Number of protein chains: 2
Amino acid sequence: MSSTPHTLINEKELYAALREGDVPKLSAMLSDCPAKTASALMGRLHREHRALLYRTLPKDTAVETFDDLDATLKADLLGGLLAPEVTAVFEEMDPDDRAELLDELPASVATRLLAGLSEDERELTGIVLGYPEGSIGRRMSPELITLHPNMTVQAALEAVTKHLDNAESIYTLPVVESDRRLAGVLSLRDLMRAPANELLANLMQPADLAVAHESAEEAARRCADRKHLALPIVDREHRLVGLLTVDDALQILEDANAEDQARMGGAEPLRRPYLATPIVEIVRSRVVWLLVLAVGATLTVQVLQAFEDTISQMVVLSMFVPLLIGTGGNTGNQAATTVTRALAVGDVHNRDVGKVLLREVRVGALLGVLLGALGFVIAGLFYGWDVGAVIGLTLTAICTLAATVGGGMPMVAKKLGIDPAVFANPFITTLVDASGLIVYFLIAKAVLGI
Amino acid sequence: MSSTPHTLINEKELYAALREGDVPKLSAMLSDCPAKTASALMGRLHREHRALLYRTLPKDTAVETFDDLDATLKADLLGGLLAPEVTAVFEEMDPDDRAELLDELPASVATRLLAGLSEDERELTGIVLGYPEGSIGRRMSPELITLHPNMTVQAALEAVTKHLDNAESIYTLPVVESDRRLAGVLSLRDLMRAPANELLANLMQPADLAVAHESAEEAARRCADRKHLALPIVDREHRLVGLLTVDDALQILEDANAEDQARMGGAEPLRRPYLATPIVEIVRSRVVWLLVLAVGATLTVQVLQAFEDTISQMVVLSMFVPLLIGTGGNTGNQAATTVTRALAVGDVHNRDVGKVLLREVRVGALLGVLLGALGFVIAGLFYGWDVGAVIGLTLTAICTLAATVGGGMPMVAKKLGIDPAVFANPFITTLVDASGLIVYFLIAKAVLGI
């Protein structure tokens with residue numbers, strides 16, 4: 001729901017009508033509005049305006065629009081709907097989407113909604129809800145077509161044709177033994193290509209799969225990397241329990257990327273589209289990290305206080321502080337970003353910590369020598385060669401230190417089971433700032449003899 | 001190719017065998033190695049070791065492994081293969097993968113390889129190569145099943161069955177008029193569900209599509225957001241020229257995310273998996289940005305020099321410099337990260353610049369007041385209330401300034417047609433550092449009367 005609303009709706013007029021609560025005008029404007037446009041618009045509005053817009057949509061468009069929204073926006077909307085409307089909408093959802101929505105709702109509302117479901121749908125939802133949050137079991141579709149190895153191709157095609165409406169994916173077909181243990185997979189393409197009386201046992205392929213308790217992100221990445229349209233999900237006894245379709249995998253990966261990016265920028269991810277998020281929510285997503293980092297930064301005040309005499313004797317030293325710690329921060333960020341990404345996509349594993357540190361020390365030292373040489377010449381020309389030497393040596397030391405810390409921290413975080421992105425850039429900057437200043441003044445005292 | 005190699009191969013032993021060039025031992029170790037494992041391993045090796053490993057793989061595994069690699073690693077490998085091997089591998093590739101590989105090769109090699117192709121394959125590759133780099137035309141598959149609106153369902157199913165082998169996707173079926181203009185799309189599911197003698201004209205749906213000249217990232221995002229398994233690609237005359245499949249869309253989005261993350265960390269993205277990238281390449285991906293930022297940071301030296309007298313009179317002021325500019329940098333990063341992401345996923349558009357600035361001013365001011373109040377109390381207690389007032393006021397001003405600049409820069413970049421991520425975090429930090437220092441010393445002079 002995040003692409004350009006390709007529409008003839010005049011957004012300015014629409015906003016005006018929303019502000020004025022002019023329902024007849026809204027109805028007229030929205031009568032032909034496609035659902036994709038409506039859901040994109042909803043991602044750009046305040047909460048109350050979203051509810052108003054939604055209630056003005058033609059009935060069919062409204063159902064489709066609801067389906068298209070993120071779980072958080074769905075939950076926002078439910079409060080604005082009448083009970084029978086809610087029940088109708090809830091019954092229509094896919095079990096995995098329903099489970100996601102339930103997570104966003106107060107427990108009392110969730111229980112009431114579940115109770116209102118038809119038995120079939122409640123059972124399917126129950127399967128999904130049985131797995132822990134963040135696991136792939138929560139995001140899979142439990143609606144399956146069941147094929148067996150001793151079926152013929154013709155029987156399989158008939159089974160598929162019969163279930164065209166209610167199975168999430170018909171293009172990747174898991175085959176199970178009589179005890180529901182996964183035997184293999186077949187693509188619809190392979191099925192269509194095979195002779196009608198061939199047995200599935202002779203056609204099916206060994207399946208890439210995920211266990212329902214596994215992390216959703218890892219399972220999604222496996223689905224994407226191996227280019228599957230769907231990945232069978234099994235329980236710990238290897239019994240088939242669901243299917244992860246590629247569109248859900250994609251959504252999971254996008255959410256994970258959004259989270260990583262936000263955390264690397266020193267904030268928690270927003271749970272709604274930017275323009276639909278209240279200002280207070282945005283402040284909340286940022287203030288905790290900002291405070292933690294500011295408290296961390298008081299370390300630099302203490303370091304500088306410890307070297308107050310040195311600074312008093314040579315005020316010129318204080319002028320290079322932002323440049324030096326800035327360069328250290330940048331070098332650390334670069335290393336942290338690269339390693340965090342490599343961990344996220346699986347290019348680097350926990351056991352590679354030695355390799356990574358070795359690489360980053362070398363990269364940092366090389367960068368440090370390059371920048372240090374330049375710093376020596378430039379600072380030397382303007383402030384004298386002794387100051388130049390201090391700056392050059394400090395840059396070399398700081399770059400080496402920063403790249404090593406920057407590359408190492410995400411590995412440490414991962415090993416401790418913390419999201420590597422949390423420990424990333426701003427955190428490393430603060431750490432490198434304080435230690436870089438100590439290095440700087442120690443070098444200055446040694447070289448300048450003060 | 002980036003998931004854990006789920007394999008019984010002992011990596012240590014393998015590395016030793018590679019270092020020693022022990023081909024018989026390698027052959028024995030790799031005889032049962034699945035292609036996915038081999039390609040994952042190759043992403044962790046130096047270039048020469050990759051070539052050695054590849055040449056030791058059983059023939060069938062080798063072909064599949066090659067297919068599985070990124071274009072850059074493919075290009076690395078070609079140098080280590082014999083001419084007939086290269087020709088065979090090249091003929092087997094999909095036209096879009098082939099075009100991607102050609103971009104990585106020297107022109108002379110590319111021309112020679114193209115000349116060696118069969119006529120059909122050369123023609124298909126030519127279609128893809130006709131579109132500019134970065135466009136979706138370059139990444140689409142030109143192999144299509146052609147259906148017409150006046151065909152019956154039965155005829156369509158026969159056409160599909162006949163092309164099961166060489167059409168990239170059979171699950172999303174574009175329907176074209178006799179002049180090849182796109183009329184609509186059909187899913188295989190809809191086709192299987194419909195009566196045999198129904199005309200496609202009555203079944204097909206209006207198509208979401210992309211124009212071949214459009215940016216690959218935008219088209220891929222459309223495919224993903226709208227949850228399509230494939231997106232028809234048309235030329236400027238609305239004639240069908242190819243299909244973007246969801247697995248390719250996913251790869252494009254992952255690459256775009258990797259690029260955004262690297263740039264937000266102040267580096268260019270690596271073109272190979274981290275462990276497979278030579279140290280010199282890593283240095284190269286970072287050194288230019290580091291230099292640019294260091295040169296930018298000399299601004300801070302000049303600002304501090306301008307206030308040298310103020311610092312000499314009150315050395316204590318210099319102690320808060322890292323904390324203040326650090327907090328400014330963090331606030332700017334948070335805003336820039338959020339807005340860059342919102343732009344990338346389409347939650348925010350160019351025209352929203354006013355809305356974004358208004359939001360960030362308010363968020364920044366709120367954060368600034370919170371942090372400023374805290375800073376006033378803490379600095380006041382330790383260094384006197386006049387210093388506390390300077391720190392509190394400066395924090396408020398810097399946070400407001402930083403959030404506004406941080407939120408605004410990505411919008412400006414986008415408007416100028418520059419990747420918003422390039423202008424992001426480290427760049428903003430440098431800018432906010434210098435202006436924050438000016439604000440700081442002006443406030444200090446006013447409050448302290450020096």
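Below, read A as the first sequence line, B as the second, and so on, with proteins coming before strands; counting in each chain starts at 1. Values in this document were obtained by computation on a predicted structure and should not be read as measured data.
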Practice problem: Pick whichever of B:T327, B:D247, B:I279, B:V315 has the most heavy-atom pairs under 4.5 Å with chain A. | Solution: B:I279
Exercise. Check A:I428 against A:A336 and note the closest heavy-atom contact, atom names and distance.
Key: CD1-CB, 3.4 Å
Quiz item: Is the side chain of A:T277 donor-acceptor paired with the backbone N or O of A:R272 at a distance under 3.5 Å, no angle test?
Solution: yes
Quiz item: Taking all non-hydrogen atoms of both residues, which atom of B:A402 and which atom of B:V432 are closest, and how far apart?
Solution: CB-CG1, 3.9 Å
Quiz prompt | Nearest atoms (heavy-atom pairs only) where B:A403 meets B:G364 | solution = CB-CA, 3.6 Å
Quiz prompt | Option that, when pairs with chain A are counted at under 4.5 Å, heavy atom only, ranks first among B:R362, B:R193, B:M192, B:H228 | solution = B:R193
Quiz prompt | Region of B:L253 in contact with chain A, defined by heavy-atom distances below 4.5 Å | solution = side chain
Quiz prompt | Region of B:I378 in contact with chain A, defined by heavy-atom distances below 4.5 Å | solution = neither
Quiz item: Is a side-chain donor-acceptor pair under 3.5 Å present for A:D255 with A:Q251?
Solution: yes
Exercise. Mind ranking B:T331, B:T161, B:V316 by heavy-atom pairs under 4.5 Å with chain A and telling me who comes out on top?
Key: B:T331
Quiz prompt | Residue, of B:P269, B:A249, B:A262, B:A267, that accumulates the most heavy atom pairs under 4.5 Å with chain A | solution = B:A267
Quiz item: Measuring heavy-atom distances to chain A, does B:L164 have an atom under 4.5 Å in its side chain, in its backbone, in both, or in neither?
Solution: both
Quiz item: Between B:V303 and chain A, which part of the residue has a heavy atom less than 4.5 Å away: side chain, backbone, both or neither?
Solution: neither
Self-check item: Proximal component of A:A335, with respect to chain B [non-hydrogen, under 4.5 Å]
Solution: both
Quiz item: Between the side chain of A:Y171 and the main-chain N/O of A:R189, is any donor-acceptor distance below 3.5 Å?
Solution: no
Quiz prompt | Among A:D433, A:L157, A:L293, residue most engaged with chain B (heavy-atom pairs, under 4.5 Å) | solution = A:L293
Self-check item: Proximity breakdown for A:V301 and chain B, heavy-atom pairs closer than 4.5 Å
Solution: both
Exercise. Side-chain contact test, heavy atoms from C-beta onward, threshold under 4.5 Å: evaluate it for B:V348 versus B:K355 and give yes or no.
Key: no
Exercise. Please round to the nearest 0.5 Å and tell me the distance separating atom CD of B:Q302 and atom CE of A:M319.
Key: 11.5 Å
Quiz item: Does some side-chain heavy atom of B:Q261 sit less than 4.5 Å from a side-chain heavy atom of A:N257?
Solution: yes
Exercise. Would you kindly check if the NZ (Lys) or CZ (Arg) of B:R341 is within the cone defined by 45 degrees around the ring axis of A:Y274 and under 6.0 Å from the six-membered ring centre?
Key: no
Exercise. Verify whether one side chain among A:E268 and A:W289 offers a donor that lies under 3.5 Å from an acceptor in the other.
Key: yes
Quiz item: Hey, which of A:D352, A:V246, A:D248, A:L324 has the most heavy atom pairs under 4.5 Å with chain B?
Solution: A:D352
Quiz prompt | Heavy-atom proximity to chain B below 4.5 Å, by part of A:L323 | solution = both
Practice problem: Mind telling me whether A:F320 and A:Y383 have parallel, tilted or perpendicular rings, with 30° and 60° as the class edges? | Solution: perpendicular
Quiz item: Is it the backbone or the side chain of B:V283 that comes under 4.5 Å from a heavy atom of chain A, or both, or neither?
Solution: both
Practice problem: Just give me the residue among A:A276, A:P322, A:S285, A:A342 that pairs up with chain B most often, heavy atom to heavy atom, under 4.5 Å. | Solution: A:P322
Practice problem: Go through the atoms of B:V287 and report whether side chain, backbone, both or neither lie under 4.5 Å from a heavy atom of chain A. | Solution: both
Practice problem: Below 4.5 Å from any heavy atom of chain B, which atoms of A:T245 appear? Answer side chain, backbone, both or neither. | Solution: neither
Quiz prompt | For chain B, the option from A:V321, A:L371, A:L188, A:T298 that forms the most heavy-atom pairs under 4.5 Å | solution = A:L188
Quiz item: Who wins among A:I311, A:L374, A:D260, A:T338 for the most heavy-atom pairs under 4.5 Å with chain B?
Solution: A:T338
Self-check item: Part of A:D190 lying under 4.5 Å from any heavy atom of chain B
Solution: neither
Self-check item: Proximal component of A:L437, with respect to chain B [non-hydrogen, under 4.5 Å]
Solution: side chain
Quiz item: Atom CG in A:D208, atom CZ in A:R226: separation rounded to 0.5 Å?
Solution: 4.5 Å
Quiz prompt | Region of B:A258 that comes under 4.5 Å of a non-hydrogen atom in chain A | solution = both
Exercise. Measure B:F382 against the heavy atoms of chain A and call it side chain, backbone, both or neither at under 4.5 Å.
Key: neither
Self-check item: Interchain contact, A:I170 with chain B, by part (heavy-atom threshold 4.5 Å)
Solution: both
Practice problem: State whether B:R221 and B:E218 are salt-bridged, where the test is any N-O pair (Lys NZ or Arg NE/NH1/NH2 against Asp/Glu carboxylate O) under 4.0 Å. | Solution: no
Quiz item: Measuring heavy-atom distances to chain A, does B:L395 have an atom under 4.5 Å in its side chain, in its backbone, in both, or in neither?
Solution: neither
Quiz item: What part of B:L270 is in contact with chain A, defined as an atom under 4.5 angstrom from a non-hydrogen atom: side chain, backbone, both or neither?
Solution: side chain
Exercise. Tell me, for A:V280 versus chain B, whether the close heavy atoms (under 4.5 Å) come from the side chain, the backbone, both or neither.
Key: neither
Quiz item: Between B:Q334 and A:R286, is there a donor-acceptor pair closer than 3.5 Å when you use the side chain of the first and the backbone of the second?
Solution: yes
Quiz prompt | Salt-bridge contact A:D225-B:K36 (side-chain N to carboxylate O under 4.0 Å) | solution = no
Quiz item: Checking heavy atoms, do the side chain of B:V160, its backbone, both or neither come under 4.5 Å from chain A?
Solution: side chain
Quiz item: Heavy-atom distance under 4.5 Å to chain A: side chain of B:L275, backbone, both or neither?
Solution: both
Self-check item: Heavy-atom pair count under 4.5 Å with chain A, highest-scoring of B:K227, B:E308, B:E254
Solution: B:E254
Quiz item: More than 12 foreign heavy atoms under 6.0 Å from OH of A:Y15: is that the case here?
Solution: yes
Practice problem: With a 4.5 angstrom heavy-atom cut-off, could you sort out which part of A:L290 is near chain B: side chain, backbone, both or neither? | Solution: both
Quiz item: Got A:V339 and A:E360 here, is their nearest side-chain heavy-atom distance under 4.5 Å?
Solution: yes
